[in-house]
Protein chains: 2
Amino acid sequence: MAPQQEEDRFLAAYDPRAFDPIAVTVDVVALTLREGALHVLLVRRGAPPFEGAWALPGGFVRAGRESLGEAAARELAEETGLDAADGLGRVHLEQLGSYGRPERDPRMHVVSVAHLAFAPDLPDARAGSDAAAAAWISVVELEPGWQPDAADPRPNEQGRRSGAHGGGPGRRPEGPELAFDHAGILADGLDRARSKIEYTPLATAFLGEEFTISELRAVYEAVWGATLHAGNFHRKVLSVPGFVESTGGTATHGSVRGGPRARLYRAGDARLLHPALLRPDREETVR
Amino acid sequence: MAPQQEEDRFLAAYDPRAFDPIAVTVDVVALTLREGALHVLLVRRGAPPFEGAWALPGGFVRAGRESLGEAAARELAEETGLDAADGLGRVHLEQLGSYGRPERDPRMHVVSVAHLAFAPDLPDARAGSDAAAAAWISVVELEPGWQPDAADPRPNEQGRRSGAHGGGPGRRPEGPELAFDHAGILADGLDRARSKIEYTPLATAFLGEEFTISELRAVYEAVWGATLHAGNFHRKVLSVPGFVESTGGTATHGSVRGGPRARLYRAGDARLLHPALLRPDREETVR
DNA sequence: TCGAGTTCTTCTCACATTGAGTAATTCTCT
DNA sequence: AGAGAATTACTCAATGTGAGAAGAACTCGA
């Protein structure tokens with residue numbers, strides 16, 4: 001090790017404040033279903049940099065006063081209008097990953113700890129204190145080159161962006177540009193969400209307390225952007241132990257377009273789905 | 001939002017330095033195989049707090065000068081003696097997660113971005129500048145209540161610690177105590193490693209350029225702590241597209257205890273295993 | 001009110017994958 | 001040379017999946 005590095009480390013071990021500071025923020029990729037489509041919570045920035053641009057909700061972690069998860073829950077509550085008593089307890093919140101390229105914020109070195117949230121359909125967002133607006137935006141408008149099968153009959157061969165930390169210029173022909181590296185964080189969050197519902201029962205976090213198998217299937221179809229075989233999905237959900245349990249009840253109406261009244265279920269006690277409920281046709285993405 | 005919070009946020013948006021600082025560090029859970037057993041790289045702390053205790057290698061991120069991944073690679077290189085030219089390029093390094101409970105470091109609020117590394121068998125570790133020692137320690141000594149099937153004939157019904165952020169007192173009857181919350185980070189890293197080799201070909205990162213199917217099976221057995229059916233494993237590895245590709249060569253010797261010379265393979269071009277190579281008997285851990 | 005169309009739920013069948021066991025062959029060690 | 005073990009390739013049964021079909025229940029419009 002070079003002498004300069006060694007001295008840096010010596011100082012750091014005793015007084016980290018001798019260094020230039022690094023700011024720590026949390027950002028939240030909050031997903032929900034509205035009218036059958038996947039939406040993400042965004043805020044419009046009210047101050048530079050990126051003033052006027054859409055961004056993920058987030059903010060600085062309060063030093064010495066909160067953990068990362070608490071900070072994320074606080075930021076999410078500020079934009080959704082929910083608090084712990086209100087219904088944030090029904091929201092799934094997990095850590096997604098941290099983003100710390102030195103140049104990702106023009107002001108200073110900022111490390112952002114991104115989180116991922118799954119929420120049932122919530123009321124319209126309200127802007128927090130430092131945002132000009134907050135809204136649920138359909139992810140279809142934000143993801144270039146990605147369309148749900150069901151919503152777009154054109155075949156789409158180009159596939160999705162592969163890894164994390166992508167995001168070169170000129171790859172976003174439609175939808176608003178996101179501030180900072182938030183487009184990459186959103187892409188990572190969507191990747192994680194699409195994987196997570198394969199191995200966990202968290203798709204139920206997008207629904208209310210009671211739901212039908214068809215509503216659960218609609219969650220998978222919206223998140224994956226693929227249509228699923230209704231009969232096979234039904235068989236699979238009921239065969240995985242602990243995924244759902246029957247309430248004994250029945251929906252009060254049939255579907256809008258007809259059909260019998262479906263039975264109602266609630267989330268079961270499984271934390272992992274075994275065997276998993278895998279996405280169809282994943283061979284292409286394997287290499 | 002309370003007025004005080006609002007003012008905090010206003011200030012933070014323009015000058016984060018007005019806050020108490022949060023330090024950002026990286027820690028690395030570096031895993032390797034030595035003599036058929038899974039080992040993790042630890043350093044012995046040379047300064048308080050936790051002076052003399054074992055800890056994960058890590059250190060402060062250099063503000064404005066490096067990304068999180070670069071910082072983790074640097075810290076790993078300092079303890080392993082490898083650099084980019086040397087062989088660190090053959091090490092798999094990924095982000096594991098961030099840990100930011102305010103009280104996790106008694107000195108100040110420190111957010112640590114943990115990373116996970118898979119390395120082929122490396123030479124003995126050397127202590128970095130601020131460590132009193134560095135060594136590869138068998139994880140069997142560090143994980144209470146967990147023993148490989150193959151190494152321990154006693155049945156073990158109690159199962160592993162379930163979630164992250166565990167680590168209450170009195171649960172570690174053997175092995176050294178780790179500093180800070182590093183026991184929890186290590187547990188999360190082992191969880192991640194055990195999952196990761198199910199869905200990715202990263203088990204090959206523990207091996208040299210060329211390897212036999214049996215050596216690959218030994219990796220799975222060491223990481224999972226379970227014995228696998230040799231015939232089924234062989235069939236599975238060769239049937240998953242892109243997992244391994246034949247070199248055409250053959251091992252120069254048979255195994256130490258006899259048997260024919262095995263054929264040699266190298267890692268294929270797949271980034272995901274499809275279908276996955278799932279751990280046996282996971283039903284217990286599902287709820 | 002009736003009929004068309006849709007949905008919910010359950011089957012059936014073909015096919016792929018897995019777990020368990022067997023066996024031929026080749027090598028090391030004593 | 002013989003015992004023991006590893007490599008590799010089989011077989012067979014059990015399980016899970018994709019695709020399709022079908023009956024019953026329901027909504028909507030004629």
Side-chain angles (χ1 to χ4, degrees), chain A residues 36 149-150 198-199 207 210-221 224 226-241 243-244 246-265 272-283 286, chain B residues 36 149-150 198-199 207 210-221 224 226-241 243-244 246-265 272-283 286:
Chain A
D149 281 1
E198 291 187 294
Y199 302 103
L207 299 171
E210 300 193 347
F211 51 84
T212 67
I213 303 285
S214 291
E215 288 168 340
L216 185 59
R217 178 162 49 85
V219 174
Y220 278 90
E221 292 182 336
W224 285 345
T227 47
L228 302 178
H229 185 292
N232 291 341
F233 183 85
H234 201 277
R235 174 184 62 187
K236 175 70 182 175
V237 168
L238 295 185
S239 74
V240 173
F243 192 176
V244 300
S246 174
T247 69
T250 303
T252 54
H253 302 294
S255 159
V256 193
R257 301 216 288 270
R261 290 186 262 227
R263 294 178 211 161
L264 290 172
Y265 297 84
L272 293 173
L273 302 184
H274 187 82
L277 206 166
L278 296 177
R279 271 174 278 190
D281 295 331
R282 289 270 290 158
E283 281 83 5
V286 159
Chain B
D149 282 1
E198 291 187 295
Y199 301 102
L207 299 171
E210 301 193 347
F211 49 85
T212 67
I213 303 285
S214 291
E215 287 168 341
L216 185 59
R217 179 162 48 85
V219 173
Y220 278 90
E221 292 182 335
W224 285 346
T227 47
L228 302 177
H229 185 292
N232 291 341
F233 182 85
H234 201 274
R235 175 182 64 187
K236 175 69 181 173
V237 168
L238 295 185
S239 74
V240 174
F243 193 178
V244 298
S246 174
T247 68
T250 301
T252 54
H253 303 293
S255 157
V256 193
R257 301 218 287 273
R261 288 185 260 226
R263 294 175 212 164
L264 289 172
Y265 297 85
L272 294 173
L273 302 184
H274 186 83
L277 205 166
L278 297 177
R279 273 173 277 190
D281 294 331
R282 289 270 291 159
E283 280 84 4
V286 158

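A, B, ... follow the sequence lines: proteins, then strands. Residue 1 opens every chain. As the structure is a prediction and not an experimental result, all values here were calculated from the model.
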Value in whole Å for how far the C1' atom of C/dG19 lies from CG of B/L228: 12 Å
Gap separating the CZ atom of A/R261 from the OG1 atom of A/T250, nearest 0.5 angstrom: 7.5 Å
Exercise: identify the closest heavy-atom pair between A/A276 and A/E198: CB-O, 3.4 Å
Spacing of NE2 belonging to A/H229 relative to NZ belonging to A/K236, to within rounding of 0.5 Å: 15.0 Å
Would you tabulate the pairs of protein nitrogen or oxygen atoms and nucleotide nitrogen or oxygen atoms of nucleotides 10-12 of chain C closer than 3.5 angstrom?
{"residue": "C/dT10", "atom": "OP1", "partner": "A/R263", "partner atom": "NH1", "Å": "3.3"}

N/O (side chain, B/K236) to phosphate O (OP1/OP2, C/dT17) under 4.0 Å: no
Point-to-point distance, once rounded to the nearest 0.5 Å, from CG of B/L238 to CZ of B/F233: 9.5 Å
Phosphate OP1/OP2 of C/dC8 contacted by A/S214 side-chain N/O (<4.0 Å): yes
Close N or O pairs between protein and nucleotides 25-30 of chain D (under 3.5 Å):
{"residue": "D/dA25", "atom": "N3", "partner": "A/P260", "partner atom": "N", "Å": "3.4"}
{"residue": "D/dC26", "atom": "OP1", "partner": "A/R261", "partner atom": "NE", "Å": "3.0"}
{"residue": "D/dC26", "atom": "OP1", "partner": "A/R261", "partner atom": "NH2", "Å": "3.4"}
{"residue": "D/dC26", "atom": "O4'", "partner": "A/G259", "partner atom": "O", "Å": "2.9"}
{"residue": "D/dC26", "atom": "O2", "partner": "A/G259", "partner atom": "N", "Å": "2.8"}
{"residue": "D/dT27", "atom": "O4'", "partner": "A/G258", "partner atom": "N", "Å": "3.4"}
{"residue": "D/dT27", "atom": "O3'", "partner": "A/V256", "partner atom": "O", "Å": "3.2"}

d(CD, B/E221; P, D/dA6) in whole Å: 11 Å
Distance (rounded to the nearest 0.5 Å) between B/Y199 OH and B/L278 CG: 5.0 Å
From B/L277 atom CG to B/F243 atom CZ, the distance as rounded to the nearest 0.5 Å: 6.0 Å
Minimal non-hydrogen separation, A/P275 against A/V240, with atom names: O-CG2, 3.7 Å
Value in whole Å for how far the C1' atom of C/dT17 lies from NE2 of A/H274: 13 Å
Euclidean distance, atom CZ of residue B/F233 to atom C1' of D/dC10 [Å, nearest integer]: 19 Å
Listed partners of B/E210 passing salt bridge (Lys or Arg N to Asp or Glu O under 4.0 Å), at least two apart: none
Sugar-phosphate only, base, or nothing, as touched by B/A251 at under 4.0 Å among non-hydrogen atoms: nothing
Rounded distance (nearest 0.5 Å) linking atom NE2 of A/H234 with atom CG of A/L216: 10.0 Å
Length of the CG-C1' vector between A/L278 and D/dG16, whole Å: 11 Å
